[in-house]
Structure formats: structure tokens, C-alpha cells
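Everything below concerns the one structure shown next.
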Amino acid sequence: MIVNSNSIMESNTMIWFRKGLRIHDNPALDQARRGCKHLYPVFVLDPHYLDPDQTAFSPGSARSGLNRIQFLLESLRDLDASLRRLGSRLLLLRGEPSPVVCRLLKDWKIGKLCFEFDTEPYGLARDKQVKDFASKYGIEVQSPVSHTLFNPSDIIGKNGGRPPLTYQSFIALAGRPVDPLTTMYSLLPPIGETGDHELLSVPKIEDLGYGDISQEAFSPFRGGETEALNKLDQVLEDKAWVAQFEKPKGNPSAFLKPATTVLSPYLKFGCLSTRYFYKRLDDIYTSVGKHTKPPVSLVGQLLWRDFFYTVAFGTPNFDRMKGNKICKQIPWRENEELFVAWRDGRTGFPWIDAIMIQLKKWGWIHHLARHSVACFLTRGDLFIHWEKGRDVFERLLIDSDWAINNGNWLWLSCSSFFYQYFRIYSPISFGKKYDPNGNYIRHFLPVLKDFPKEYIYEPWTAPLSVQKKANCIIGEDYPKPVVNHEIASKECKKKMGEALASPTSKINPLDQKASSSSRKKQHHNDSHEVASLKIKQRKNMK
DNA sequence: TCGTCTGTTGTGCCT
DNA sequence: AAGGCACAACAGACG
């Protein structure tokens, strides 16, 4: 703790925005604006996040698809506008965030630095550099936890130093979250001298070197706190819907009016405070009386978010199979061809492909749609590593969130939390039960739009005359299925059963040395199974 | 929390 | 008035 002896140092404060791109319920901002003469609101544009990467599989940077970059820029534009209304503005700089912030701290003679605590490994490493620098120069640092309902450290502490691994145990530890701040600002302290640092205005996506992007379909969801609060009001208007919300009952094929709130991208960037959202929901529950409960209710969804944040924070290598103590070790297979077919929406299963196209175009898909394609890629059909799928989601989703995305891939692939590996989503009947006419498929896969509904989920079974009439020949205009679901899912179940029963599924190659003989044996079985599956697939293609 | 398939039972409506 | 029919809701097997 730095003593408040140096009034010159005290007078300059920096609020460093990363997530938490909002004014409302922003503890870091609130702490920053107190008792300072000059307030410097900073955001650092990271070239790795923004600049085009030609080697990536979709338009975007090394770290993000175009839709999420767009969402971030919109959020920054909105934040800047809000700050300007309060007599301030967003100071935008470009470069690697930590060194840039350190330079600014020094050049602007900052006495106090505030930023929202970030629990992700990337954020922790980034912030450590800045904290070390600050402590070296006697700069006070405040980093309140406000991205989640609870402080993951508190929950882990209450649980004896280990993160709770079930939702119910998490709930038992959590209690009620703290109330959001309700302070309304009319004016923030002014910005001081900024010297010769180049301050940018929020770039347009065209300014980032993406050339002609008019061909890319952009997400229908706009970023920013203003948009978030408007959407929240819209969602909460229908109190009966809010009170009766049950997550598993949503319709994944609804896209004109999605079955969930689609507030996740705003939570991801902190355009919407999760504590404020919680409070608003709680008020509705109180006024309505009868309402659904966790885990299925809307509040239950916020708690799921905190659950995954907590486990992710307390689990080393949470985003990997190897070295991850809570992750089953499963001999996933390598198959680039099948993986690329999945990623690019060319599996030949219209339900799967339509979802992957919506993901690419919108940057958002329904929760159960995520389940469908994740199951298909991993334990359901292709038996490909969940990390490969995780990477695709992480890039394309506008709401992609490190803890939640990894948590759900662990869940869906039966690698952690959930192990009912024989519960496999059918790539044919699951979608059909919600959307028998196939409107969702027709919309996202227009090549199939004239297929009769009898065949639209399994177009390869349509007689050639039907294919001709629909102007879409399977194998030419739309791919044949890459696997036979009956056979592939049976193989997967067999392999999952063996993998989960095997003691090696618990052995963690980085922690414990598996005996070399058992490893060899496992590898042998693995390649044998892949070979036999390939033969079967070839047979089915005919 | 969030599977699929099949078979049974119950319901509403028609003739 | 009883039988036929379609369909929803549910239960159990499967793995």
C-alpha cells in the first residue's frame, strides 16, 4: 500500500479498460475517478487482435474472426461516446498492451492505476507485468473483481483451496452476489496532458487493412454498452418469459427471434454488468412470484458462467487435455480432412453444416446448436479432439469466452463434468424435432432451399429425380455425408467407453509418467481403430 | 440442465 | 355410442 504523501502523484489516475467496456456498475472506474485531478481512460489496441492474418482459416486477425473485431470496435466507439458525454474521452493507443501501459504510467506521471481484475491466464500474465512495473515505481494499483458475480478466489477459498467441480457444490458455496453500483455520473475528472503520444480514434474495420469486406456477412448483433442496456430492457419487458425461462427447452433452430437472450457477447466484453443483470432478474422474480430456478433459469445461466470462471481460474491447463487434472485423457484421432469439413460446414449433414455457417456469418449460434456440432466433432461422430473445435469457436463466436468456451467443450466431449457418452445428438433427428420443415437449413444453406422437407435433413437419401427437381445434386452441389452416423456413433461410443474405463484416462502425461508399454499399447489400438473406421466410412459412402 | 428410439397410454375429434 | 385415427406425453431400454 502506497502512502498518500505525494499529492502530485495522487492527482493523476488511469483507468485501463480491457473488458468491462461500460460506465454502469464499473467498480474500477468508480475507484479511479475518486479524488483525482486528472483521469486518463485508456484502451490499448493490440495488433495481434486486430491486424489481418492471411494464414487464418477465416477473415480476421490471429486471435479473432472479423465479427468479434467489429463488435469490439463498436463497443469502444460507444464507450468513447459515453465518456465524452461525461467530459472525458477514451485514449486509444496501439501496441502490445503491457509495455504501452507501463510507458504511459511513467510519461503521464500516474499515481494510481485501476483496472478490472482479469482471471484468464492471458490476462493474468499481461497484468502481472504492469503490476510489477507499478510497484517498482510506487504506483498504487486497484483491480476490483467485477467481471463475474463472485470472486473466484473467494469461492475456491471457501472450498478449501480447490474449485468446486459440480454446479450444485458451487451454488452451495456461492450465496448471493454483491449488489451492483448505482452511482450515476454527470461529470468525470478531465484528462491531463498527454504529451507526444499518438492518440487514435476508434478505427473502422476497413482501416485495419481488410480490404473489400463487403462480401463478408456481418453479425446482426451490434456491440456496445448502450446496445446492451437497450437489449436488456427489451428482454426483460416480457416478464412471463423471463420467469418461465428454462434453458434446455429452447429452440436451437429459431434464428429470426433467437430462443435465448443473446446477451452473452455483452457479458463477454463487459458492456453489460453481470451483477446488474442478476439484480434486474432478481427484481422480476420478486415481482412475478412463481419462476424457474437454477440450473435452468436465467439466473441459473449467470451462475453457470461463474461456475466455469471459478473452475477455470482454479485449474492449471484448463484449456488443454494434457496436464489438466480434471480432463479425461481420451485418444482423439487426427483427421484434418474431416476436421476441415466440419469447420467449413461441408459435412454433408445439413443440420450440422447450417449451424457452422450461421456461426461463421453471425458469430453466434444457440446453445443447443453448439452442443449439436460439438458432439458431432468429438464423441458423437468424428472423434476429433475438442481442442480443435474449441479453437474454431474461440475465433468465430462474438461471445467467445475463455472459461466458458473451454468449460463447455470439456463438458460436451465428456472430458470433464459430464460423462454420459452414450447420449449422442443425432445430426438428423435433433434439428428435425424443432424445425420439421427445415427453415433453418433453407436459410443458412440456400443450396438446399428447394429440397422437400421429407429429405432436407438427409438429402443423400432423396431419389435423383427429387435432387434434380430441387436443383441440387448431392455429391456435386452439396456434399455427401462424410460419415455414416449410425456406424460412426457406434464406434465413438465404443471408444469412449473404453477410454473412460481405462485407468490411463486419468493419467496425466505431464504430471505422472505413464508406463511406456501402456502408452504403446494405447497408440496401437488407436491407429487400428482409425483404420477400421476409415474402411467402414468408405463402404458407407457408396 | 440440454439423447434417441420405441412402445404405451391418454386425449380430442371425427364418423 | 363405439370405433378409428392422429398426436402428444410419458416410460423404459439402450449404452
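Chain identifiers are assigned alphabetically (A, B, ...) following the order of the sequence lines, protein sequences preceding nucleic acid strands; residue numbering begins at 1 within each chain. Atoms considered below: every heavy atom in the structure, side chains included; atoms not considered: hydrogens, waters and symmetry mates.
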Report task. Carefully, step by step, assess A:Ser219 and A:Asn67 under the rule side-chain hydrogen bond (donor to acceptor under 3.5 Å, both in side chains). Result -> CA-CA 6 Å; A:Ser219 172; A:Asn67 277 326; 4.9 Å; no
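Summarising the base pairing, B:dT8 is matched to C:dA9 through a Watson-Crick or G-U wobble pair whose two defining distances lie under 3.5 Å. The pairing partner recorded for C:dG15 is none, the criterion being a Watson-Crick or G-U wobble arrangement whose two distances lie under 3.5 angstrom.
Across the protein-nucleic acid pair, A:Phe422 atom CZ and B:dG3 atom C1' stand 10 Å apart, rounded to whole Å. Spacing between atom CD of A:Gln301 and atom P of B:dC2 amounts to 12 Å, rounded to whole angstrom units. In this structure, A:Glu458 places its CD atom 13 Å from P of B:dT4, rounding to the nearest Å. In this entry the distance linking NZ of A:Lys433 with P of B:dC2 reads 11 Å, nearest Å. In this structure, the NE2 atom of A:His366 is 14 Å from the P atom of B:dC2, given to the nearest Å. Protein atom NZ of A:Lys432 is 19 Å distant from nucleotide atom P of B:dG3, rounded to whole Å. As rounded to whole Å, 4 Å separates atom C1' of B:dC2 from atom OH of A:Tyr425. Counting to the nearest Å, the P atom of C:dC14 and the NZ atom of A:Lys494 are 20 Å from each other.
Nearest to the side chain of A:Ser426, among B:dG3, B:dT1, B:dT4, sits B:dT4. The side chain of A:Tyr167 lies closest to B:dT1 when the candidates are B:dC2, C:dG15, B:dT1. Closest to the side chain of A:Lys247, from the set B:dT4, B:dT1, C:dG15, is B:dT1.
By the 5.5 angstrom centroid cut-off and the 30-degree plane limit, A:Trp304 is classified as stacked against the base of B:dT1.
For C:dC14, neither phosphate oxygen OP1 nor OP2 lies less than 4.0 angstrom from any side-chain nitrogen or oxygen of A:Lys490. For the OP1/OP2 pair of B:dT1 and a distance below 4.0 Å, the side-chain nitrogens and oxygens of A:Gln168 include at least one atom meeting the criterion. For B:dC5, one of the phosphate oxygens OP1 or OP2 lies less than 4.0 angstrom from a side-chain nitrogen or oxygen of A:Ser429.
Nearest approach of A:Trp351 to A:Ser253, heavy atoms of both residues: CZ3-CB, 4.0 Å. Shown here for A:Gly250 and A:Leu368, the closest heavy-atom pair between the two residues is O-CD1, 3.6 Å.
At the heavy-atom level, A:Ile424 lies under 4.0 Å from the strands shown only through sugar-phosphate atoms.
Because its NZ or CZ atom is not both nearer than 6.0 Å to the ring centre of A:Phe269 and within 45° of the ring axis, A:Lys19 does not count as a cation-pi partner of that residue.
Note on A:Arg395 versus A:Asp391: no salt bridge recorded, every NZ/NE/NH1/NH2 to OD/OE distance being 4.0 Å or above.
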